[in-house]
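Below you'll find the structure, written out as structure tokens, and then a few comments.
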Number of protein chains: 2
Amino acid sequence: MGQRMVVVGADATGLAAASQARRLRGADELEIVVFDKGNFASYSACGIPYWVAGDVTDAEDLIARSPAEHRARGIDLRLRTEVTELDPAGRRVRSHVLDTGDREWLSYDHLVLATGATPIRPPLPGIDAEGVYGVQTLDDGQALIDALESATGKRAVVVGAGYIGVEMAEALVRRGFDVTMVTRAAEPMATLDPDMGALVRKAMVGMGIQLVCDAEVTGMRTEDGRVRAVTTAENEYPADVVVLGIGVRPATDLARDAGLPLGESGGLLTDLAQRVRGHDDIWAGGDCVEVFDLVSDTLRYIPLGTHANKHGQVIGSGVGGGYATFPGVVGTAMSKVCELEVARTGLSEKAAHRAGLQFHSVTIESTGRAGYFPGAQPMTVKMLAERRTGRLLGVQIVGREGSAKRIDVAAVALTTRMTVEQMTALDLGYAPPFSPVWDPVLVAARAAAKAVRQG
Amino acid sequence: MGQRMVVVGADATGLAAASQARRLRGADELEIVVFDKGNFASYSACGIPYWVAGDVTDAEDLIARSPAEHRARGIDLRLRTEVTELDPAGRRVRSHVLDTGDREWLSYDHLVLATGATPIRPPLPGIDAEGVYGVQTLDDGQALIDALESATGKRAVVVGAGYIGVEMAEALVRRGFDVTMVTRAAEPMATLDPDMGALVRKAMVGMGIQLVCDAEVTGMRTEDGRVRAVTTAENEYPADVVVLGIGVRPATDLARDAGLPLGESGGLLTDLAQRVRGHDDIWAGGDCVEVFDLVSDTLRYIPLGTHANKHGQVIGSGVGGGYATFPGVVGTAMSKVCELEVARTGLSEKAAHRAGLQFHSVTIESTGRAGYFPGAQPMTVKMLAERRTGRLLGVQIVGREGSAKRIDVAAVALTTRMTVEQMTALDLGYAPPFSPVWDPVLVAARAAAKAVRQG
């Protein structure tokens, strides 16, 4: 008799795990059932802002593999079917088919929790009014696009200034909306230090976005159940559409109810093979787990599609009888704001302070191409190095074309715990169309190494 | 009394060394004299093809710092002055002012040899005819541009298919010439494996360049001392202008005559601080030295502007009483061919064989952006990993926008001796405009890791 793998959540982690397990074990050895309460599976949530902006014209384009393709590969994918209860002791889950109301218990040999994240919706007056949208799922995206197309006015307010908020603000501008962004942070993109966030703010203001920082949203003013404005302590911002980009929290209510171990953030705690701690037959990954931060040596909640996909691979290998681990992250993230590329990895100043690390911080200006090459554009690189040891702690880059992916050099250097002095000798690529002879990352490393030497 | 630093060669290494030493030591402590036989100093030789192409309109743009600026910083820069003899025992050099014929001996406390490289000019019939150009110096570039502007015909032949040859071929096409490239190699860019070189060939043919591979140039047919055609054993290629891009050799005749230690390539041998072996008061760097290859653990001759600049920094620190070393290279190089970006680092298959390494080789196709994102373009990544250990040995990338600088991830991984299995977990940046959720380098690492596991 074969075993059964039950997966809760049909996005990156869940379906990567299912696919990888299927590669390792045939249908005679392993039955695979994947539940998701939504209408879509296996899609790129990170692509939603580009869909809203119109860069991507069809939601189908965001779907990596159709339900039919998954089913053809022997994955029993059940959409619009919610898992409502976990029973780890009984090794079974309870599901609820939304369209028919059918409920049943299904037993498992391997359970994979890939329940993702839930947008934060603070309990503010009017937050559930018509016209207030999240952008976490394709369903959310479609609802927002429908709303934009039928909106009577052209005023949009984005609440929150994280990556998704900033990307959505740009998408709304490109849709022809007057956009106001309200954030409690001092600058947009709070995973950057404020001095680097200020560069993002300038670009956003340059696009015509009205940016309201240091402002706490107190609620939504509504009329007839429909949002009319976003209110703060000091002011009111008229809105035909409101987009919430306040962030997400791990969707772990089911796991909590089942007594599974959660960290400070509410994310599931796992071992290196992505098994839920204390449960050899329950695996978890993606936006519902905490990840190990290799720079600060702490657990953190960093929901990102890249981690979700890697987790799925690791889990699928484990369930399929192979071996793989997820050693951790260094905190790499990037985004595009109009023509500005923004990237970060490692610790920000705030995170380094919190970790008890003392450090030197340097910021340099350079260009993405040789200075004399046509189209050479400015790039700002900020680098943090630990005091005394000189270990690289973090890098932030804001600049034009060719800026963002330079962060990957720092991601590898962080992973391998290089010092900034060692980095100065890195044999990075050079040709005038791609880089000055001293790559901006090397210029920053030299400045940081000098700061470390001078103590 | 102060000391005197004498520098032979006023390009990247020489002037970086002089500038860095000046930063550390004032004019009262250190006199700095820099000789160069040419008309220009401190320029980007790598920019010459872009100048010829017309991307860069003025030779001045390629000059990082003018002679007057150097002199204002207390560097006694003497252009059109050739050093004709070294006397290490007497700690002096003999110079010859080309315009006046004056010759003198000058003593030194620190001698820096930054004599660069000389284009290879095989002793073929007609190689010195009028109309045959090298592209090593700004003087060469100006001579070529003058010739292109006054040429009566529009047929150009490029001999050699290295980076410079390929860049020059494109430059000539953009100047309106019919270009034929003749190379003895099977494919252009022999620092790539032939399967990757074939992708470059296709792009070049697509630009209208006639590519003649596996062909040995036997000479130039001339009339009245002027080149008319390039001849091979089988054929003849009419030419109004011929550009030599056969490669370079270290310009170390002076050093050889003075009995300084040279390696197999003819490049000077140095220690980690860039001091010539056995000579604590003679330093050398740039295109006239051999460098340590951190991947194959051997000395190699890899003339590149990046190394030259780093050498200059290291030498200047040493002369100035500081401390710095140049640990070595991993062989990173890149170029742009029309819209194609080409990059490589580490060992090619041939180099790995030669080093006695057994390896697995994988090649994957991906895209530079998320597949659904507008403008996503194909990218081919080839990766070599050592058999058994799985250590990364080399990467080659050919693709469109955003391809080349991805090589830097591999450069850092090679420097830190990562295995491809370790690389699969790298936290590289992701956002749809910049990368698929699995970066192409990660896709290649996964394929390579699988190949290693399967033995």
Side-chain angles (χ1 to χ4, degrees), chain A residues 12 44 46-47 50 55-56 61-62 163 294 304-310 313 325-336 341 343 345 370 372-374 402 404-409 411-416 418 422 424-435 437-439 441 446, chain B residues 12 44 46-47 50 55-56 61-62 163 294 304-307 309-310 313 325-336 341 343 345 370-374 402 404-409 411-416 418 422 424-435 437-439 441 446:
Chain A
S44 169
C46 310
Y50 306 99
D55 289 325
V56 177
D61 294 340
L62 299 181
Y163 291 93
L294 296 165
L304 273 181
T306 43
H307 311 333
N309 274 280
K310 291 192 183 96
Q313 282 287 329
T325 63
F326 183 81
V329 308
V330 293
T332 313
M334 53 182 54
S335 186
K336 194 160 183 285
E341 299 187 6
T345 189
Y372 57 78
F373 200 85
K405 281 299 265 180
R406 274 182 160 86
I407 206 73
D408 287 347
V409 164
V412 186
L414 284 168
T415 304
T416 57
M418 291 184 87
Q422 289 171 325
T424 63
L426 281 172
D427 186 7
L428 303 185
Y430 159 62
F434 305 126
S435 179
V437 71
W438 289 99
D439 187 276
V441 174
R446 286 170 62 190
Chain B
S44 168
C46 310
Y50 306 99
D55 288 326
V56 177
D61 293 340
L62 299 181
Y163 291 93
L294 296 165
L304 274 181
T306 42
H307 310 333
N309 274 281
K310 291 193 184 95
Q313 283 284 331
T325 62
F326 183 81
V329 308
V330 294
T332 313
M334 53 181 54
S335 186
K336 194 160 184 284
E341 300 187 5
T345 190
Y372 56 78
F373 199 85
K405 281 300 265 180
R406 275 182 160 87
I407 206 73
D408 287 348
V409 165
V412 186
L414 284 168
T415 303
T416 56
M418 292 185 87
Q422 289 171 324
T424 63
L426 281 172
D427 186 7
L428 303 185
Y430 160 64
F434 305 125
S435 179
V437 70
W438 288 98
D439 186 277
V441 173
R446 285 171 62 189

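By convention in this document, chain letters (A, B, ...) are assigned in the order of the sequence lines, proteins followed by strands, and residues within each chain are numbered from 1.
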### Query
Measuring from A/L428:CG to B/M334:CE, what's the distance to the nearest 0.5 Å?
8.5 Å
### Message
Please identify, among B/V56, B/L294, B/V330, B/T345, the residue contributing the most non-hydrogen atom pairs under 4.5 Å to chain A.
### Response
B/V330
### From CA spacing to verdict: side-chain contact (heavy atoms from CB on, under 4.5 Å), B/K405, A/K405
CA-CA 8 Å; B/K405 281 300 265 180; A/K405 281 299 265 180; over 6 Å; no
### Task
Against chain A, label B/A404 side chain, backbone, both or neither, depending on which of its atoms sit under 4.5 Å from a heavy atom there.
side chain
#### Entry: Nearest-0.5 Å distance, CZ of residue A/F326 to OG1 of residue B/T424
10.0 Å
### Query
Tell me, side chain or backbone of B/T415 under 4.5 Å from chain A's heavy atoms, or both, or neither?
side chain
### Task
For each of A/G331, A/A12, A/P374, tally heavy-atom pairs with chain B at distances under 4.5 Å, and name the one with the top tally.
A/P374
### Most contacts with chain A, counted as non-hydrogen pairs under 4.5 angstrom, among B/R406, B/E341, B/M418
B/E341
### Heavy-atom contact with chain B under 4.5 Å, split by part of A/K336
both
### A/T416, part contacting chain B, at a heavy-atom distance under 4.5 Å
side chain
### Summary
If you tally heavy-atom pairs under 4.5 Å between each of B/A333, B/S44, B/G402 and chain A, the highest tally belongs to B/S44
### Query
Between A/Y372, A/F434, A/Y430, which residue shows the highest count of heavy-atom pairs closer than 4.5 Å to chain B?
A/F434
### Query
Do you know which of A/D439, A/T325, A/D55 has the most heavy-atom pairs under 4.5 Å to chain B?
A/D55
### Message
Quick check for you: to the nearest 0.5 Å, what is the distance between A/N309 atom CG and B/W438 atom CH2?
### Response
6.0 Å
### Query
Does B/D427 use its side chain to pair, donor to acceptor, with the backbone of A/T332 at less than 3.5 Å?
yes
### Among the listed options B/L304, B/D61, B/L426, the residue most often paired with chain A at heavy-atom distances under 4.5 Å
B/L426
### Task
Heavy-atom distances under 4.5 Å only: say whether A/Q422 touches chain B with side chain, backbone, both or neither.
neither
### Message
Let's test your reading of the structure: which of B/A411, B/A370, B/S335 forms the most heavy-atom pairs below 4.5 Å with chain A?
### Response
B/S335
### Side chains of A/P433 and B/Y50 in contact at under 4.5 Å (non-hydrogen atoms)
yes
### Message
Using the rule given for side-chain contact (heavy atoms from CB on, under 4.5 Å), can you reason through B/D408 versus A/V441, listing the C-alpha separation, both sets of side-chain angles and the distance that settles it, and then say yes or no?
### Response
CA-CA 11 Å; B/D408 287 348; A/V441 174; over 6 Å; no
### Task
Could you tell me the separation between the SG atom of B/C46 and the CZ atom of A/F373, rounded to the nearest 0.5 Å?
12.0 Å
### Query
Hey, which of B/G328, B/S435, B/G305, B/A425 has the most heavy atom pairs under 4.5 Å with chain A?
B/A425
